[in-house]
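Here the structure is laid out as structure tokens; the discussion comes afterwards.
The sequence lines fix the lettering, A, B, ..., with proteins before strands; numbering per chain opens at 1. The figures that follow rest on heavy atoms only: side chains count, while hydrogens, waters and symmetry mates do not.
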Amino acid sequence: MWYQLPETEYIDDPIRMEQVAREVRAHRRAAVDTETTGVDRQKDLVVMWSICPHPGVRYACSPEMLKVLKGELIDDPRIEWDFTNAPFDLSMLENMGVPVPAGPVHCTLIMDWLWDENRRGRHGLKETAWDHLKLNMDELSTVVKKQRGESVPDAFARLMREDFASAIDYASKDAWGTQAVHDNLMLKLRDVETDTGLSLLDLYLKVEVPYTKMLHIMARRGVRVAPSYLEDLRGPMQQELDKVAREFARAAGREINLNSPKQLRDLFFGELGWDPIKWTKGGESGNRQPSCDEDTLKLYAAQGKPLAQVLMKHRGIAKIKGTYVDGLLKHVGREDRIYTNIKQHGTVTTRLSSVSPNLTNIPNPEDDIYRIRDAFIARDGHRLMAADYKQLEMYLLAHLSGDVRMQEVIHKGWDVHMGNAAITYGVPYEDIVAAKKEAGRLEAADVPHDQWPEEVTQLLRYRRNAKGVGFAVTYGEGDAALAEQLGVTKQEAADTKEELFDQYPGLRDFIFDTHDDVVARGQVSNLLGYIRHLPEAQSDWKGGYWTKSGRYVQKRPGPWAARALRQSVNLRVQGTAAAVVRLAQMFIEGIDGYENEHADRLRELGYEQILQIHDEVLAEYPTEKGIEAEIEKPLRAIMEHPFHDLPERLGLNFRELDVPLRIDIGTGDTWAQAH
DNA sequence: CAACAAGCTA
DNA sequence: ACGTAGCTTGTTGG
Ligand SMILES: Nc1ccn([C@H]2C[C@H](O)[C@@H](COP(=O)(O)OP(=O)(O)OP(=O)(O)O)O2)c(=O)n1
Ligand SMILES: [Mg+2]
Ligand SMILES: [Mn+2]
């Protein structure tokens, strides 16, 4: 069935709008798009909106007509809503007093991402309408000549004044296009069967659709910060920066922009004749230059070069100030809260991403001297609770690989990262266990971190480094890089790697099996069936032929294929971790289809999740005596058993993994304390 | 404006 | 020849 683009109709009459509402109810669906005063999700308002209940019509409506949407449609659980970038439009509608719809919320960005995760940057309406349907969506700039420095919303507002007919035509086309792309992608997703036997449409409808709404609800809550905490850091940091820059200029004999890698490179490796130690990646152009990064500076600092020492100091401060002090303050909005934009389609592994600002890379308090996470606090009368999975991807590796030794270690409650630390750094496992225990005691006694015994800090650092080593090695790190990371010779690094893999022989098999699979099929998937396409695993191979002199040249992956092989292993684990957290978050929220008694209890207790940091859920809860123990019960029940109803929910035949899942819970007045 | 280097997180 | 997955800042050179 194919429809021409219908004529547009402008609706500004409640009686006519009621008729449109009847059409929506009859079709039980509508695509909606909003034109707004700006792109601030907390503040901006709707200046015109469009609705499309079926391909034969398209309406542009005045803001007043939202009363009918609100009064008659939005609370009807049978009506399904289609958007392109649902969280944006839902926010704008909420700003106009229209609540979150009771029915399913679809988003073509998510559909297109699920269809092909590698279309990054091309999931938008213009691109999908063209790529899937050869539909040409107007750029606003072709309808109205955008003036210099004018934003899209401003240009649309001007169009409304200068050429109203074009404005309603442009606006209603987006709702119509959204509907068309939605319908097309529904069919495409339906026809892809995944490795678990589910179709992509199953995953979309049963997991992604409710998740869109859940994430929107969470994102609207925002996260409170103490602006004064950050503001108080500014002055001292700037003074320190200035002081350090003067020291550098004195030692160098002239003024240098310490933020300019190029000026520094000319000074160090040109003028001063230092030997380059590392080279930059050279990016797309492959233009590799001597590097001035921290690793390099460390080496020269250790040789007693004051320029390197001073520059390192500058770097540490500049980064934190630019990104986390000045940067975060720019994003503080209503009620001293930061509202990050959470992208459900932000990664190729089904993890989330967080932008403007990114709240998934706030410095870890363990070695952040400015304790930026202390600026993150709860609303009045509340505290923060962080729940972070223990060694999540190691646990999942144990399950996915079936490695008996790793499963045994986990069943006994031992810590895989500590075990790896013991091997890598040659310290007794028991000492690291004891250090962690001691750290818990010190934390409870409110002893400041800089007063902890050096021994304890060091042992904890071993665990953290071993975490990095363990994942790096599993995901394909080479001997040279590991040698660099550990500060040992290449041979020693190779031996350490051997020893780590020998602990868990099943890991090698898991890695090679995954490689074989991705080479054979050009794609891999996580435990639920979510797909990652890796065509380079099939194309970029070298060798496999006989030379003229009769020698066989072994087949080996080229650089692109080798990369795809590493990515394939990582996807199966990281992607499964993302699934664990997705399901847990929806059970916590008790969102559409994920209603459960634990969620009811959490709601009753006033528990509200406000952030996800990949394997951590951060939440606010009311300050009441003994409430933590009450929250912990349902929270653990949910997070440690995310697959408990998978047979009923998705028809998959397991409820638990071969290993348990465990979480660490921490609470405090600040995010730093909650860790 | 895009490309790049650097550095922060999981 | 390269652990994976991200985002933001500041400089540079068109
Ligand atoms: N350098 C790193 C750090 C983390 N991760 C991935 C794997 C981890 O399992 C997951 C979560 O990060 P955590 O810091 O929470 O690490 P773990 O959950 O493994 O350990 P912990 O018990 O300390 O939480 O992110 C990774 O791939 N590479
Ligand atoms: Mg974590
Ligand atoms: Mn964790």
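- At the heavy-atom level, A:Val569 lies nowhere under 4.0 Å from the strands shown.
- With sequence neighbours excluded, the residues forming a side-chain contact (heavy atoms from CB on, under 4.5 Å) with A:His331 are A:Ile338, A:Ser356, A:Pro357, listed by chain and number.
- If you walk DNA chain C from 5' to 3' and mark each nucleotide with an atom closer than 4.0 Å to a heavy atom of chain A, the marks span C:dA1 to C:dG13.
- Here A:Tyr300 pairs with A:Trp274 under the ring-ring contact (aromatic ring centres under 6.0 Å, His included) rule; sequence neighbours left out.
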Donor-acceptor list for residues 235-248 of chain A side chains, cut-off 3.5 Å, not counting sequence neighbours:
unit_1, atom_1, unit_2, atom_2, d
A:Gln238, OE1, A:Lys321, NZ, 3.3
A:Gln238, NE2, A:Asp242, OD1, 3.1

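- If you check every strand for non-hydrogen atoms under 4.0 Å, A:Arg120 touches sugar and phosphate atoms only.
- For the pair A:Ser353 and A:Asp479, both in contact range of DNA chain C, the more 5′-proximal nearest nucleotide belongs to A:Asp479.
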| Letter per nucleotide, 5' to 3', of nucleotides 4-10 of chain B [B base touched, S only sugar-phosphate touched, - untouched; heavy atoms, 4.0 Å] | SSSBBSB
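- If you check every strand for non-hydrogen atoms under 4.0 Å, A:Ser356 touches sugar and phosphate atoms only.
- In A:Lys126, the NZ atom is crowded: over 12 heavy atoms of neighbouring residues, nucleotides or ligands sit closer than 6.0 Å.
- Residues meeting the side chain to side chain donor-acceptor pair (under 3.5 Å) test with A:Glu640, sequence neighbours left out: A:Arg636.
- For residues 460-500 of chain A, every residue pair satisfying the ring pair (Phe, Tyr, Trp, His ring centres under 6.0 Å) rule, not counting sequence neighbours, is listed here: A:His417-A:Phe471, A:Tyr425-A:Tyr462.
- Listed by chain and residue number, A:Arg383 satisfy the side chain to side chain donor-acceptor pair (under 3.5 Å) test with A:Thr667 (two or more places apart in sequence, or in another chain).
- Residue pairs meeting the side-chain hydrogen bond (donor to acceptor under 3.5 Å, both in side chains) criterion with at least one partner in residues 479-490 of chain A, sequence neighbours excluded, are A:Asp479-A:Lys497, A:Thr489-A:Glu492.
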Return a table of donor-acceptor pairs under 3.5 angstrom between the side chains of residues 575-588 of chain A and protein atoms on other chains or two or more places apart.
unit_1, atom_1, unit_2, atom_2, d
A:Thr576, OG1, A:Leu527, N, 3.2
A:Thr576, OG1, A:Arg572, O, 2.6
A:Arg582, NE, A:Glu208, OE2, 2.8
A:Arg582, NH1, A:Thr350, O, 2.6
A:Arg582, NH2, A:Glu208, OE1, 3.0
A:Arg582, NH2, A:Glu208, OE2, 3.4
A:Gln585, OE1, A:Tyr211, OH, 2.6
A:Gln585, OE1, A:Gln612, NE2, 3.4
A:Gln585, NE2, A:Gln609, OE1, 3.2

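- For A:Trp113, there are no side chain to side chain donor-acceptor pair (under 3.5 Å) partners at least two apart in sequence or on another chain.
- Near DNA chain B, meaning a heavy atom under 4.0 Å from it, residues 485-497 of chain A has no residue at all.
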